[in-house]
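For the single chain, residues carry numbers from 1 onward in sequence order.
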Amino acid sequence: MPHDTPLISTIVGGLVLAFVFGAIAHRLRMPPLVGYLIAGVLVGPHTPGYVADQSLAPELAEIGVILLMFGVGLHFSLKDLLSVRGIAVPGAIAQIAFATLLGWALGAFMGWPTGGSLVFGLALSVASTVVLLKALQERRLVETERGRIAVGWLIVEDLAMVLALVLIPAAASIGGDGHGPVEPLSAGLSRLLGFDLGIGAMIAMTLVKVALFVALMLVFGRKLIPWTMHRIAHTGSRELFRLGVLAIALGVAFGAAKLFGVSLALGAFFAGMVLAESELSHRAAQESLPLRDAFAVLFFVSVGMLFDPNILIDRPLLILATIFIIVIGKSVAAFLIVLAFKKPLGTALTISASLGQIGEFSFILAALGVELGLLPEEGRDLILAGAIISIVLNPLLFFLCDRMRPLLEGAKREEAAADPAAAADAGAAQEQMPLEDDEVHPTALSGHAILIGYGRVGRIVGQNLKSSGTPFLVIEDSDKRIGELKAQGIEAFMGNAVARETLDLANLSTARSLAIAIPNAFEACRIAEQARSVNPSILIVARAHSDAEVDELKQYGADTVIMGEREIALGMVDRLAQVHHESVPYEDRHEPDTIIPTGTAPLEKE
Ligand code: AMP
């Protein structure tokens, strides 16, 4: 039966095993992606037992790439993209050149032909979209300056890949490697007069097509796509809206790839970007989230499937050299390039950590290289092994960068102290450099209230705290709301409050109270649990939408839990009572926008 339904069995096999091994990895305090990769190795052809369909898995993974890039596009405006071009374009080009050079040197050392060595180097130079975006998203970095630089860098790499995929077959057929499908007459002619012309024309054609696509998106897509989404939103059908989001993300990406030769990822990014300025972008991001996560998992499974563990025994030294280039060589290059642009150390470290891995693009290049007879099969195997190992090492790289940051900063300060001229320089550089949104320092408040979420609920709580003069700060993960808070002079931190780093900024240990005003009880429980462990005496007030959530939140340490639906019901009862039993005088206090003064607000009604 499974033989008749390869698509179903690949999806089911991939997701079920990824779930099982992801959960085990989580249990062992490892990143879940290690579990997903192991699931892939198990359903791959190199281990006994069930083998998933090897051509379907990477295709399914592409859907994950599309949805991820679409999601990133939703947070990006054209202005954001252009604001990082100054560093992303030269940075990505310099890094690609450096990594390609290292890869080429390794290839030359192995005695591979020049073309093959270059393809090998190029494959080691491009980072995986999925790995990079997942890493940034997990750390809530996408909307910070360093996140934007990393995404801009990725887009330049993506464009370079679009060019490389066009140029490599062309170069193989007219280049002098003697491999590839060489047609004698055209090769001779090309050598005589057309080598540069042929390649030049191809580059020009590719660039024109990309430019045409971008122009179409910015001129027509920018009007048409938000207009369509608004129309659908007005139908009130959630199902249609969800479908619309998927249709636009997948449709534009696929159309871009087929008609304009742009990569699927780039197409999806632009589809998201033209929707970014619409207020519907937030909803669109939410609607595509579950599917995006599921397919991104299949990406890791499909990478795992390609891995042949035997290579670890056959070629240990070569693998080490490959990993060295990917993880160390590329990272150091990116680190130095970012520093050369006078960006802070933290930015340089994040960018180099996020780029210190390879993935889907490298597989495509490797496959093309082997197909054209440029790259020996050994090269492809090294790329595959290098990818899987660098992906596993990536979270570790982030961890190391976090650890190295204080050390490096300390060294820099000492250096500056020892050399007054350098200190003056550093001071001047600091002045030129705007303070970054990601260079945040913990609050100076103590004995304060911490408010999490500034939406419909948090806003009312916050306004009350403000008018009663209570010292407080807000944690919010939407940058728009953060902007609003800062404009009102309220101290606010951007980030997911579930993340320990974000909570640490709020100085939990000395805070008096914590109000968790977010709708997701699962997240609220994680926040309450952490807060309780740091500060046993803090008052925790949380928000819930069902009795089960109330119980759960209390179990995780919340002192008082307000069940939204119950409060709404009580408000309605109150209002009805005023009409039916006229004993209660009419009052406006349950009008939606009324601010209830602190101290008199009922915390929990029994
Ligand atoms: P509302 O449901 O209208 O009260 O809005 C909830 C608010 O909480 C929104 O502004 C969200 O951006 C914010 N929010 C939701 N989850 C989190 C979280 N885990 N960390 C920080 N802010 C959050």
Within the side chain of N535, is there an N or O that forms a donor-acceptor pair under 3.5 Å with the backbone of A511? yes
Check whether any side-chain heavy atom of M161 sits under 4.5 Å from a side-chain heavy atom of F361, and report yes or no. yes
Which label fits F76 and F269: parallel for a plane angle under 30°, tilted from 30 to 60°, or perpendicular past 60°? perpendicular
Does the side chain of S509 come within less than 4.5 Å of V534's, by heavy atoms? yes
For a salt bridge (Lys or Arg N to Asp or Glu O under 4.0 Å) check, start with the C-alpha distance between R380 and E377, then their side-chain angles and the critical distance, and finish with the verdict. CA-CA 5 Å; R380 183 194 53 200; E377 302 224 334; 3.5 Å; yes
Sorted by chain and residue number, the side-chain hydrogen bond (donor to acceptor under 3.5 Å, both in side chains) partners of S281 (sequence neighbours excluded) come out as none
Return a table of donor-acceptor pairs under 3.5 angstrom between the side chains of residues 62-74 and protein atoms on other chains or two or more places apart.
none

N-O pairing of K486 and E491 below 4.0 Å: no
Provide the closest heavy-atom pair for N520 versus F522 in the form atom of the first, atom of the second, distance. OD1-N, 2.8 Å
I want to check something: taking the side chain as every heavy atom from C-beta on, are R481 and M494 in contact at a cut-off of under 4.5 Å? no
For residues 327-341, which side-chain donor-acceptor pairs fall under 3.5 Å, sequence neighbours excluded?
unit_1: K330; atom_1: NZ; unit_2: L124; atom_2: O; d: 3.3
unit_1: K330; atom_1: NZ; unit_2: L355; atom_2: O; d: 3.1
unit_1: K330; atom_1: NZ; unit_2: Q357; atom_2: O; d: 3.1
unit_1: S331; atom_1: OG; unit_2: V327; atom_2: O; d: 2.4
unit_1: S331; atom_1: OG; unit_2: S352; atom_2: O; d: 3.4

Looking at side-chain heavy atoms only, is the closest gap between F493 and I482 below 4.5 Å? no
Here the pair of heavy atoms bringing A492 nearest to L485 is CB-CD1, 3.7 Å
Donor-acceptor under 3.5 Å (T502 side chain, A497 main chain): no
To the nearest 0.5 Å, atom CG of L298 lies from atom CZ of F300 at 11.0 Å
Walk me through it: do L33 and Y36 pass the test side-chain contact (heavy atoms from CB on, under 4.5 Å)? CA-CA 5 Å; L33 67 86; Y36 309 153; 4.1 Å; yes
Assess the residue pair I490 and V474 against the criterion (side-chain contact (heavy atoms from CB on, under 4.5 Å)); give the C-alpha distance rounded to whole Å, side-chain angles, the decisive distance to 0.1 Å, and a yes or no. CA-CA 8 Å; I490 297 175; V474 180; 4.0 Å; yes
Return yes if some donor-acceptor pair links the side-chain N/O of T47 with the main-chain N/O of V41 below 3.5 Å, else return no. yes
So do N496 and I475 actually touch side chain to side chain, heavy atoms under 4.5 Å? no
Which distance, rounded to the nearest 0.5 Å, do you find between the SG of C525 and the CD1 of I516? 8.0 Å
To the nearest 0.5 Å, atom CD of Q530 lies from atom OH of Y556 at 12.0 Å
Please report the shortest heavy-atom distance between A99 and S125, naming the atom on each side. CB-CB, 3.5 Å
Without swapping roles, check the side chain of R139 against the backbone of L136 for a donor-acceptor pair under 3.5 Å. no
Run through L397, I389, I391 and flag the one making a side-chain contact (heavy atoms from CB on, under 4.5 Å) with L393. I389
Using modelled atom types only, decide if a donor and an acceptor are shared between the side chain of N507 and the backbone of S446 within a distance under 3.5 Å. no
Could you tell me whether the side chain of L384 reaches within less than 4.5 Å of the side chain of F307, counting heavy atoms only? no
Looking at I538, is its backbone amide N or carbonyl O close enough to the side chain of R532 to form a donor-acceptor pair, meaning the two atoms are under 3.5 Å apart? yes
For A164 against L122, the heavy-atom pair lying closest together: CB-CD2, 3.7 Å
With sequence neighbours excluded, residues passing salt bridge (charged side-chain N to carboxylate O under 4.0 Å, His left out) with D504: R500
Treating H448 as the side-chain partner and A506 as the backbone partner, does any N or O pair qualify as donor plus acceptor under 3.5 Å? yes
Those residues at least two apart in sequence (or on a different chain) that pass side-chain contact (heavy atoms from CB on, under 4.5 Å) with D308 are H46, N310
So, E360 side chain and S128 main chain: donor-acceptor pair closer than 3.5 Å or not? no
In short, G557 meets I540 closest at the heavy-atom pair O-CD1, 3.6 Å
Expected output: side-chain T347 to main-chain K343 donor-acceptor under 3.5 Å: no
Holding to salt bridge (charged side-chain N to carboxylate O under 4.0 Å, His left out), I want the full list of residues that pass it with D158, two or more places apart in sequence or in another chain. none
Of all residues at least two apart in sequence or in a different chain, which pass the salt bridge (charged side-chain N to carboxylate O under 4.0 Å, His left out) check with R403? none
Quick check on the 6.0 Å ring-centre criterion: do F120 and W104 meet it? no
Report the residues that fulfil salt bridge (charged side-chain N to carboxylate O under 4.0 Å, His left out) with D80, sequence neighbours left out, ordered by chain and then residue number. R148
Going from CD1 on I351 to SG on C401, what distance comes out if it is rounded to the nearest 0.5 angstrom? 11.0 Å
Applying side-chain contact (heavy atoms from CB on, under 4.5 Å) to S362 and not counting sequence neighbours gives A123, V126, I358, I383
Contacts of E378 that satisfy side-chain hydrogen bond (donor to acceptor under 3.5 Å, both in side chains) - sequence neighbours left out: R315
Nearest 0.5 angstrom please: L118 CG to L375 CG, how far? 11.0 Å
If you look at every heavy atom in G447 and P471, which pair is closest and at what distance? O-CG, 4.3 Å
Main-chain N/O of A92 paired with E157 side-chain donor or acceptor, under 3.5 Å: no
Under 6.0 Å from the six-membered ring centre of F295 and within 45° of its axis: does the NZ or CZ of R292 meet both? no
Residues 316-324, side-chain donor-acceptor partners within the protein, below 3.5 Å, at least two apart:
unit_1: T322; atom_1: OG1; unit_2: L318; atom_2: O; d: 2.8

side-chain hydrogen bond (donor to acceptor under 3.5 Å, both in side chains) with Q286: which residues, sequence neighbours excluded? none
Please lay out, stage by stage, how D293 and V297 fare under the test side-chain contact (heavy atoms from CB on, under 4.5 Å). CA-CA 6 Å; D293 287 349; V297 165; 5.7 Å; no
Run S513 and F472 through side-chain contact (heavy atoms from CB on, under 4.5 Å) and show every step you take. CA-CA 9 Å; S513 62; F472 78 108; over 6 Å; no
CG of L473 to CG of L505, rounded to nearest 0.5 Å, is 9.5 Å
Taking the side chain as C-beta and beyond, is there a heavy-atom pair between V303 and F363 under 4.5 Å? yes
Is the shortest side-chain heavy-atom distance between L514 and I452 below 4.5 Å? yes
